[in-house]
Amino acid sequence: MTVLSSDSDIQFPNLTVITASAGAGKTYTLARRYVQFLLSGNVEGNNIQNILAITFTNLAAKEMKERIVNVLKQAALGDREILAELSQLVSLTEGEISLRSAQLIEEILHHYSDFHVRTIDSFLSTLF
């Protein structure tokens, strides 16, 4: 399983491929990476329309979206455990993470069609 590094080590474009057996935590890891990209102050162009997560099934895409929104919601509400975890992934204070998370929840709600977590099939259908 991929271990996520600090946001000082990542930049766009970035490709993260996670291969593991069922139940190994692929969706969890990809959701955390997606949140890391969104929150980072070090990744230029890191808004929702510039980040794409691709998975195999509609169920996995739905679960990943739910996890992303849930982590952001928990951070926005000040969940200490989530804030501590995210502060290890991004170069922001816990207060900045909470504020940025609340802003991102609003952005996702207002621009949901730009929230690109899709299946391989749905992504390929947008290309042709």
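Residues Gly78 and Ser98 come closest through the heavy atom pair N-OG, 4.2 Å. In plain terms, the two heavy atoms of Ser40 and Asn46 that are nearest each other are O-ND2, 2.6 Å. Glu85 and Tyr28 get closest at one heavy-atom pair: OE2-OH, 3.1 Å. Taking both residues in full, the closest heavy atoms of Thr119 and Ile54 are given as C-CG2, 4.0 Å, listed atom of the first, atom of the second, then distance. Shortest non-hydrogen contact noted between Ile97 and Ala75 is CG2-CB, 4.2 Å. Of all heavy-atom pairs spanning Val71 and Ile82, the tightest one is O-CG2, 3.8 Å.
Between Leu92 and Ser87 the shortest side-chain heavy-atom distance does not fall below 4.5 Å. Contact check for Thr27 versus Arg67: side-chain heavy atoms found under the 4.5 Å cut-off. A heavy-atom distance below 4.5 Å is found between the side chains of Ile105 and Val69. In this structure, the side chains of Val117 and Phe115 come closer than 4.5 Å at one or more pairs of heavy atoms.
Side chain to side chain, Ser125 and Ser122 fail the donor-acceptor criterion of an N or O pair below 3.5 Å.
Residues Ile120 and Leu52 fall within the same hydrophobic cluster, defined by Ile, Leu, Val, Met, Phe, Trp and Tyr side chains chained together at heavy-atom separations under 4.5 Å. Hydrophobic clustering, with ILVMFWY side chains joined whenever heavy atoms are under 4.5 angstrom apart, keeps Leu104 apart from Leu99. Leu77 and Val35 are members of different hydrophobic clusters when ILVMFWY side chains are connected at heavy-atom separations under 4.5 Å.
By the neighbour-count criterion of 12 heavy atoms within 6.0 Å, atom CG of Asn58 is sparsely surrounded, having that number or fewer from other residues, nucleotides or ligands.
To the nearest 0.5 angstrom, Asn70 atom CG is 15.5 Å from Lys65 atom NZ.
For the pair Arg100 (side chain) and Gly95 (backbone), a donor-acceptor distance under 3.5 Å is absent. The main-chain N or O of Leu89 is found under 3.5 Å from a side-chain atom of Gln36 such that the two form a donor-acceptor pair.
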Side-chain donor/acceptor pairs under 3.5 Å, residues 106-114, sequence neighbours excluded:
from   : atom 1 : to     : atom 2 : distance (Å)
Glu106 : OE1    : His110 : NE2    : 3.1

